[in-house]
Amino acid sequence: MESNNVKNLPKAYSPKEVEEKIYKLWQKSGFFTPKIDHKKKPFVISIPPPNITGSLHMGHALNNTIQDILVRYHRMKGDVTLWVPGTDHAGIATQNVVEKELKKEGLTRYDLGREKFIKRVWQWKEKYGSRIIDQLKKLGCSCDWTRLRFTLDESYSKAVRTAFVHYYNKGYIYKGPRIVNWCPRCHTAISDIEIKYKPQITKLYTFKYSKEFPISIATTRPETKLGDTAIAVNPKDKRYKKYIGQEIKTNFLGVNLKIKIISDRNVDPDFGTGALGVTPAHSMVDFEMAQANDLEIINVIGPEGKMTDKAGPYKGMRVNQAREKIVQDLKKQGLLEKVEDYEHSLSLCDRCGTPIEPLISEQWFVKMKELAQPAIEVVKKNKIKFIPKRYKKIYLNWMENLKDWCISRQLWWGHQFPVFYCSKKLEESKNKKAKLKINEKYFVVSEEKPKKCPFCGKCDMVQETDVLDTWFSSALWPFATLGWPEQTDDLKYFYPTTFLCTAPEILYLWVARMIFSSLEFMKTIPFKTVYLHSTVLTKEGRRMSKSLGTGVDPLELIDKYGADATRFGIIYQTTRDLQAIHFGEEALLASQKFINKLWNIGRFILTQDPISPCQRGRCPKGRGGGSNTQNLTLQVITRRVTKPNTLTDKWILSRLNNVIKETTNLIEKYELGKAEHLIYEFIWHEFADWYVEISKKEKNIPLTKEIYLTLLKLLHPFIPFSTEKIYSYFNKQKQQLLIFANWPLIKENLIDKKSEKDFKIIQNFIIKLRNIKKENKINPSQIISVYILKKESKYFNLIQKQRKIIEHLSKTKLKFVDKKPKGVKLNFKNIEVFIITNN
RNA sequence: GGGCUCGUAGUUCAGUGGUUAGAACACUUCGUUGACAUCGAAGAGAUCGGUGGUUCAAUUCCACCCGAGCCCACCA
């Protein structure tokens with residue numbers, strides 16, 4: 001570091017000039033890359049890979065600060081510490097971003113074609129995909145960048161293919177027509193958990209299919225009713241009992257329907273007419289009823305969100321259009337009985353906000369039942385611990401009611417299925433326009449494309465066009481990043497990882513899936529502890545969102561306050577188990593002040609240092625400490641060692657060791673906010689306000705320095721940049737980085753309750769004297785005489801012994817007298833104290 | 001509809017079955033300009049969301065209610 005002379009030490013810490021340089025030093029040191037040491041147990045975190053479309057938001061800032069604190073702490077403790085970084089290709093999200101870009105050029109992905117489109121996405125990735133990585137570095141994250149991974153890396157893709165083939169061979173993967181959530185905009189199936197619900201007021205229409213039809217039904221979506229194949233009623237409903245089992249043919253606005261009357265317990269007799277028109281192809285619940293009752297399934301809505309040819313006169317219309325027209329027609333024909341307002345939740349695509357159409361389509365699924373079982377066990381048996389604890393129940397409840405996982409997406413950006421079709425047979429099946437059923441298998445599942453088609457022996461096999469759900473690849477993250485399926489040294493040594501820190505919203509999407517994937521492929525848990533951190537909300541408790549304008553950009557905060565203050569401030573307002581934090585910028589300002597305070601304590605100590613240039617009279621400001629300190633400098637040089645000499649020394653060392661102990665405990669329990677509060681209080685209100693102040697009178701510079709350096713170490717995981725910078729001024733010769741420093745050891749023998757108690761008494765006495773001054777409107781800086789009546793008592797002796805400190809800090813002159821003087825009397829621990837107020 | 005979290009000073013949060021409920025920031029007053037324009041000291045500020053119950057005693061335990069937020073399910 002070039003300018004670490006004390007005389008160059010600026011008055012305040014300025015993050016902008018410092019942080020980037022420091023980060024480069026760290027990187028150059030190579031210290032973030034651990035060396036495998038089989039004698040030691042490693043500490044390992046896999047970063048939740050941010051999307052390449054992402055930009056650092058408050059959730060990331062909190063999440064990665066937590067991880068970095070733990071990683072730095074463990075590194076200092078001497079653990080072999082690895083933080084694996086990486087990014088996620090994020091199928092739908094990224095594809096949408098690039099599609100939006102294309103749209104500006106008046107193009108769609110179909111104009112480019114699959115190959116060119118993917119190329120385009122890769123270009124986009126090269127250009128913007130590492131943005132978030134740079135932002136993580138700005139935050140100070142000490143990841144091992146030599147191990148950076150991306151979920152579409154060739155080696156990672158291999159892991160994905162291996163996993164797929166494994167599942168398939170075990171019989172866990174099946175393909176079939178099922179009802180899925182279909183996004184007509186993204187043109188793909190999405191899973192249940194990728195849907196967001198939005199309450200909306202719509203109309204509930206009550207009508208009959210035809211005049212002669214005996215039962216009326218109610219629906220919010222009349223257009224789907226063209227695909228009805230049944231009416232479901234509650235088995236106990238007397239009104240409809242007689243119809244159950246009947247099949248009625250009718251014509252509904254030009255479309256012939258065969259309606260079977262079935263009974264189902266889930267039908268609420270009080271809702272609408274108590275009769276539910278069953279549309280197997282376009283409603284999740286109805287699909288299940290159709291399967292249970294062996295009903296015909298008719299698609300009336302196509303993948304574009306348009307009515308199919310099964311919709312008779314409404315063919316080709318958009319869904320909304322068809323709805324309007326049908327309502328008009330129902331009215332015209334006198335079939336519409338009632339229209340009322342009705343509030344329900346509209347399903348929207350999480351990624352693009354388009355209303356979801358439940359549709360029947362051919363999709364790939366993973367059977368979950370067997371996979372879930374061991375994943376339930378390990379959590380039940382606390383092999384994996386959740387923090388906060390409450391998530392254990394939430395996790396288990398979800399896992400115990402797990403549905404099969406739809407893993408196919410009709411996208412282009414992602415891992416293409418390692419499934420190869422016989423082109424000849426594929427062609428044939430298309431021509432047949434067969435029902436959505438596969439009776440005949442004409443594909444092979446294989447990591448590589450077979451050279452020869454096993455079905456016809458001569459065709460060029462074609463790969464399944466679908467890509468895998470992004471989460472299928474993320475599920476392999478903790479072990480695939482370490483080299484799986486290869487048995488690499490990394491994998492052998494660093495797996496399973498130690499700690500996972502992520503947002504609670506991806507508990508199901510990601511955490512659960514990593515657990516069962518790891519148990520399946522690695523035969524072990526992926527991590528020992530899962531920490532689901534608080535959600536960062538605005539101060540008013542509202543969700544942070546760009547579109548609402550309620551977002552706070554951590555990069556702006558870093559720019560304004562520095563990375564350290566941003567980190568410290570966020571953690572300062574965090575409590576470990578809290579579900580949400582209401583983010584306020586004030587804490588960052590406070591943190592900035594705190595860092596500045598820390599900086600200035602350092603500055604003070606440096607200028608007091610006998611070997612510093614200031615003390616040798618070379619300081620431009622003159623003689624560093626003034627005449628008073630010159631004498632003291634001599635004292636300092638008389639080999640005072642870092643040993644407690646005085647009560648003050650004993651007290652501060654005792655307190656310091658308590659703080660080290662407590663801080664260590666709190667970090668081990670992930671109570672990072674509390675740890676910060678503790679250190680903050682100690683540094684400011686014990687070390688600075690008392691110890692450093694007293695040290696101006698009773699010098700023990702080596703000890704002061706030692707304590708200070710210990711505090712820098714304690715703080716380093718929280719505020720790595722500023723502590724590193726200050727540390728450099730204390731290490732002019734050695735040039736050793738603080739990241740190499742060891743975590744402070746607790747010296748139990750220095751914990752000294754007696755000294756703490758005694759010092760507390762001195763503190764109280766000083767405070768009392770200051771109060772008296774204030775009460776009597778005496779200027780605090782005015783030195784007054786305080787008369788203390790001599791007495792045989794331990795407190796008297798204590799006060800007498802600590803006379804200098806008391807005088808110094810209370811700006812008084814103590815006089816120990818035999819006779820009671822005139823003046824205001826106060827009692828302190830049975831000691832009679834007098835002051836004269838009207839000088 | 002089900003589950004969960006939270007409601008304590010102006011603000012963000014600690015905290016505890018029992019003497020005057022804490023901190024930080026903000027605020028007020030006084031003082032400081034040779035570590036700290038980002039300093040010091042002192043101080044004001046809370047009927048601990050509401051109601052009822054358990055208890056000798058509740059902010060702390062229980063029930064209900066109100067308010068804020070999250071997750072899951074979803075009735076057509």
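Of the C1' atoms belonging to B:rA73 and B:rA46, the separation is 40 Å, rounded to the nearest Å. Rounded to a whole angstrom, the distance from the C1' atom of B:rG45 to that of B:rA9 is 6 Å. Separating the P atom of B:rG22 from that of B:rU47 is a span of 15 Å, rounded to the nearest Å. Between B:rU60 and B:rG15, the distance separating the two P atoms is 15 Å to the nearest Å. Comparing the P positions of B:rG10 and B:rC48 gives an interatomic distance of 13 Å, to the nearest angstrom. Using P as the reference atom, B:rU38 and B:rC25 are 13 Å apart when rounded to the nearest Å. To the nearest whole angstrom, the two P atoms, one in B:rG43 and one in B:rG34, are 27 Å apart.
Of the candidates B:rU11, B:rG43, B:rU5, the closest approach to any side-chain atom of A:Lys539 belongs to B:rU11. Considering only side-chain atoms of A:Val692, the nucleotide from B:rA35, B:rC4, B:rC74 that sits closest is B:rA35. Here B:rU12 is the nucleotide among B:rG40, B:rU12, B:rG15 with the atom lying nearest to any side-chain atom of A:Gln573. If you check B:rC74, B:rC75, B:rU38 against the side chain of A:Asn596, the one that comes closest is B:rU38. Among B:rC36, B:rG43, B:rA35, the nucleotide with an atom closest to any side-chain atom of A:Lys11 is B:rC36. Here the nucleotide nearest the side chain of A:Arg770, chosen from B:rA41, B:rC25, B:rC4, is B:rA41. Counting only heavy atoms from C-beta on, A:Arg603 has its side chain closest to B:rC36 among B:rA42, B:rC6, B:rC36. Considering only side-chain atoms of A:His685, the nucleotide from B:rA35, B:rA24, B:rC36 that sits closest is B:rA24. Comparing B:rC72, B:rG15, B:rA35 by their closest approach to the side chain of A:Lys674 singles out B:rG15.
Side-chain atoms of A:Lys811 and A:Ser781 form no donor-acceptor pair, as typed in the model, at a separation below 3.5 Å. A:Tyr209 and A:Asp228 share a side-chain donor-acceptor pair at under 3.5 Å.
For A:Arg543, a side-chain nitrogen or oxygen approaches OP1 or OP2 of B:rC70 to under 4.0 Å. Listed pair A:Tyr391 / B:rC72 fails the phosphate criterion, with no side-chain N or O lying under 4.0 Å from OP1 or OP2. OP1 or OP2 of B:rA14 has at least one side-chain nitrogen or oxygen of A:Thr575 nearer than 4.0 Å. Phosphate proximity of B:rG40 to A:Trp684: present, with a side-chain N or O under 4.0 Å from OP1 or OP2. Phosphate proximity of B:rG22 to A:His677: absent, as no side-chain N or O sits under 4.0 Å from OP1 or OP2.
Nucleotide B:rG67 forms a Watson-Crick or G-U wobble pair with B:rC6, both donor-acceptor distances falling under 3.5 Å.
Within the nucleic acid shown, A:Gly584 has no heavy atom closer than 4.0 Å to any nucleic acid atom. Across all strands shown, A:Tyr680 has heavy atoms under 4.0 Å from sugar-phosphate atoms exclusively, and none from any base.
Closest-nucleotide positions on RNA chain B for A:Glu681 and A:Glu693 were compared, and the one nearer the 5' end corresponds to A:Glu681. Between A:Leu589 and A:Val267, the one whose closest nucleotide on RNA chain B sits nearer the 5' end is A:Leu589.
A cation-pi geometry, defined here as NZ or CZ lying under 6.0 Å from the six-membered ring centre and within 45° of its normal, does not hold between A:Lys208 and A:Phe252.
Counting only heavy atoms from C-beta outward, the side chains of A:Leu276 and A:Ile231 never approach each other to under 4.5 Å.
A:Lys696 places its NZ atom 9 Å from the P atom of B:rC36, with the value rounded to the nearest Å. A:Tyr729 places its OH atom 18 Å from the P atom of B:rA35, with the value rounded to the nearest Å. Rounded to a whole Å, the OH atom of A:Tyr13 is 16 Å from the C1' atom of B:rC36. The distance between atom CD of A:Gln782 and atom P of B:rG40, rounded to the nearest whole Å, is 23 Å. Rounded to an integer number of Å, the gap from NZ of A:Lys597 to P of B:rC25 is 11 Å.
A salt bridge is absent between A:Lys674 and A:Glu681; no separation between the charged side-chain nitrogens and carboxylate oxygens falls under 4.0 Å. Classification of A:Glu19 and A:Lys16 as a salt-bridged pair fails, no side-chain N sitting under 4.0 Å from a carboxylate O.
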Checklist entry - Run the side chain to side chain donor-acceptor pair (under 3.5 Å) check on A:Tyr205 and A:Glu337 step by step: do they pass? => result CA-CA 8 Å; A:Tyr205 305 94; A:Glu337 291 166 9; over 6 Å; no
